[in-house]
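Please read the structure below before turning to the comments.
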Amino acid sequence: MKRGALPLNALRAFEATMRHGQMGLAAAELGVTHSAVSRQVRGLEGVLGVRLFDGPRNRLVPSEAARALHPALKESFDRIEAAVARMMRAERQALDVSCTSTLAMRWLIPRLFGFQVAHPEIEIRLTAADGPVDFATAPFDLAIRVGPGPWHGAEVTELFADCSGPVARPDLVEGANTPAQLLALPRLHTRTRPSAWSEWCRARAWPKPGPEGRHFEHFYFMLEGARAGLGVAIAPEVLVCEDLASGQLAAPFGFADTGRRYVVLSRPGAPRAAAIFTGWLAAGAGAP
C-alpha cells in the first residue's frame, strides 16, 4: 500500500487501542468517541483483510496480526511525535519582558493569555520592575514603562497616553461635586508618584492640597485602599478601568492626560519575537 493510501486515522486508533488495551482509553486520548474508535478499527480490518481483535468490547484480545503490526506502528508514531517536539522546541522563543509592577498585575497579565493563544511559540518571561532600564546591563529584551521621555538607548513604541484622575469607592465620593468637596475627603498617596495630587490640582487651578492623608509604599496598595473606601487616590485610567466598569470605583472628575506615555522599550538587536509582541501590544491589547 502506498503512503497516500494509508488510513492514518485508523492506524492511530488501532495503535492507541493496543497501547491502552481499551478502546475507551484510546478514544479519550484521541479526543473522539468510543464508537468512532471502533469504526476506525473495523475499517482498518477491512482494508487489511485480517481480524485485529477478538472477544467482547470490554475484554478485547489482540489477534496475532495485531501483535505483529503494533510494534512497527508504535515506533513510527513515537518517532513522529519526537520529531514534531524537537521542531517545536527549536521554534519556541523565550522573550524576557520587564514591566512596572502594578501595570503588570492589572493590565498586562490579564491579557497574556490572548497572546499565548495567538503565538504559542513565544514564551513571555515577565519580571516586575519600576526603575530605569539600561539594556547594556539589564537581562531584558523589552521593557514597558511610563514617563515623559525621552528614552535613550532603545527603540520606542508608544502604547497609549497616561490619563489620570481621582478615583474612590462610589459611596465615598457621592455628592463630591466641587474641588473643595473632593479635597475635604481623605486623600491617598504613594511613594512612586508623590506629586500626583499637586500636579492634578495645579493643572486644574484647584487649591494646592496639603500632604495630609494615608501614604502607601506601593501603588497597588494605594489602589486597594481606594477600593476599600479609605480615601481618594489619583490613579491612571489604565489601572482602574476594570474597577470602574464593575462599579467598585468611581471617577467623579474624569481623567486627563498627564503628558506621560506608556511605552515599550526594545533592546537593540532584540529577537524577532520582540517585534511580534510589541506589535501585538500596540495593535490593541491595550488601551483602556
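For the pair S195 (side chain) and S198 (backbone), a donor-acceptor distance under 3.5 Å is absent. Checked by atom type and distance alone, the side chain of S63 pairs as donor or acceptor with a backbone atom of L52 at under 3.5 Å. Side-chain atoms of T127 do not come within 3.5 Å of backbone N or O of S98 as any donor-acceptor pair.
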- side chain to side chain contact (heavy atoms under 4.5 Å, CB included) between D54 and L60: does it pass, once the steps are laid out? CA-CA 6 Å; D54 296 307; L60 293 176; over 6 Å; no
Criterion side chain to side chain contact (heavy atoms under 4.5 Å, CB included) on H189 and F216, from CA distance to verdict
CA-CA 6 Å; H189 307 268; F216 293 86; over 6 Å; no
- Query: Would M23 and V41 count as a side chain to side chain contact (heavy atoms under 4.5 Å, CB included) if you check the C-alpha gap in whole Å, the side-chain angles of each, and the deciding distance to 0.1 Å?
  - Reply: CA-CA 9 Å; M23 285 188 177; V41 171; 4.0 Å; yes
ask   = Between D141 and R272, is a salt bridge (Lys or Arg N to Asp or Glu O under 4.0 Å) present by the stated rule, with each step listed?
value = CA-CA 10 Å; D141 301 303; R272 184 177 66 90; over 6 Å; no
How far apart are the C-alpha atoms of F115 and I122, what are their side-chain angles, what is the distance that settles it, and do they pass the side chain to side chain contact (heavy atoms under 4.5 Å, CB included) test? CA-CA 9 Å; F115 179 78; I122 300 176; 3.9 Å; yes
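With contacts defined as side-chain heavy-atom distances shorter than 4.5 Å, the pair V37/F14 does not qualify. Proximity of H119 to I276: side-chain heavy atoms (C-beta onward) are separated by under 4.5 Å at one or more points.
The pair E224-R227 counts as a salt bridge, with a side-chain nitrogen and a carboxylate oxygen less than 4.0 angstrom apart. E81 and K74 are not joined by a salt bridge, as no carboxylate oxygen comes within less than 4.0 angstrom of a charged side-chain nitrogen. Salt-bridge check for R267 with E155: failed, with every basic side-chain N at 4.0 Å or more from each acidic carboxylate O. Classification of D130 and R191 as a salt-bridged pair fails, no side-chain N sitting under 4.0 Å from a carboxylate O. In this structure, E242 does not pair ionically with R106, as no charged nitrogen and carboxylate oxygen lie closer than 4.0 Å. Between E158 and R261 a salt bridge is recorded (basic side-chain N to carboxylate O distance below 4.0 Å).
In this structure, CG in L265 is found 8.5 Å from OG1 in T157, a value given to the nearest 0.5 Å. Considering CZ of R145 and CG of L159, their distance stands at 12.5 Å, rounded to 0.5 Å. E174 CD to Q181 CD: the interatomic distance, rounded to the nearest 0.5 Å, is 12.0 Å. Here CZ of R39 is found 4.5 Å from OG of S35. Values are rounded to the nearest 0.5 Å. Residue F221 holds its CZ atom at 14.0 Å from CG of L188, rounded to the nearest 0.5 Å. We find the OH-CH2 distance between Y262 and W107 to be 9.5 Å, quoted to the nearest 0.5 Å.
Side chains of R260 and S164: a donor-acceptor N/O pair is absent below 3.5 angstrom, by distance only. A donor-acceptor contact closer than 3.5 angstrom links the side chains of S101 and H218. Between the side chains of S38 and R42, at least one donor N or O lies within less than 3.5 Å of an accepting N or O.
Residues A226 and V167 come closest through the heavy atom pair CB-O, 4.3 Å. The minimum heavy-atom distance linking L95 with P271 is given by the pair CD1-CG, 4.0 Å.
A centroid separation of 6.0 Å or more is found between the aromatic rings of F135 and F140.
Judged by the 6.0 Å distance and 45° axis criteria, R204 is positioned over the aromatic ring of W200.
Checking each of F219, F160, F255 against P236 for a side chain to side chain contact (heavy atoms under 4.5 Å, CB included) leaves exactly one that passes, namely F219.
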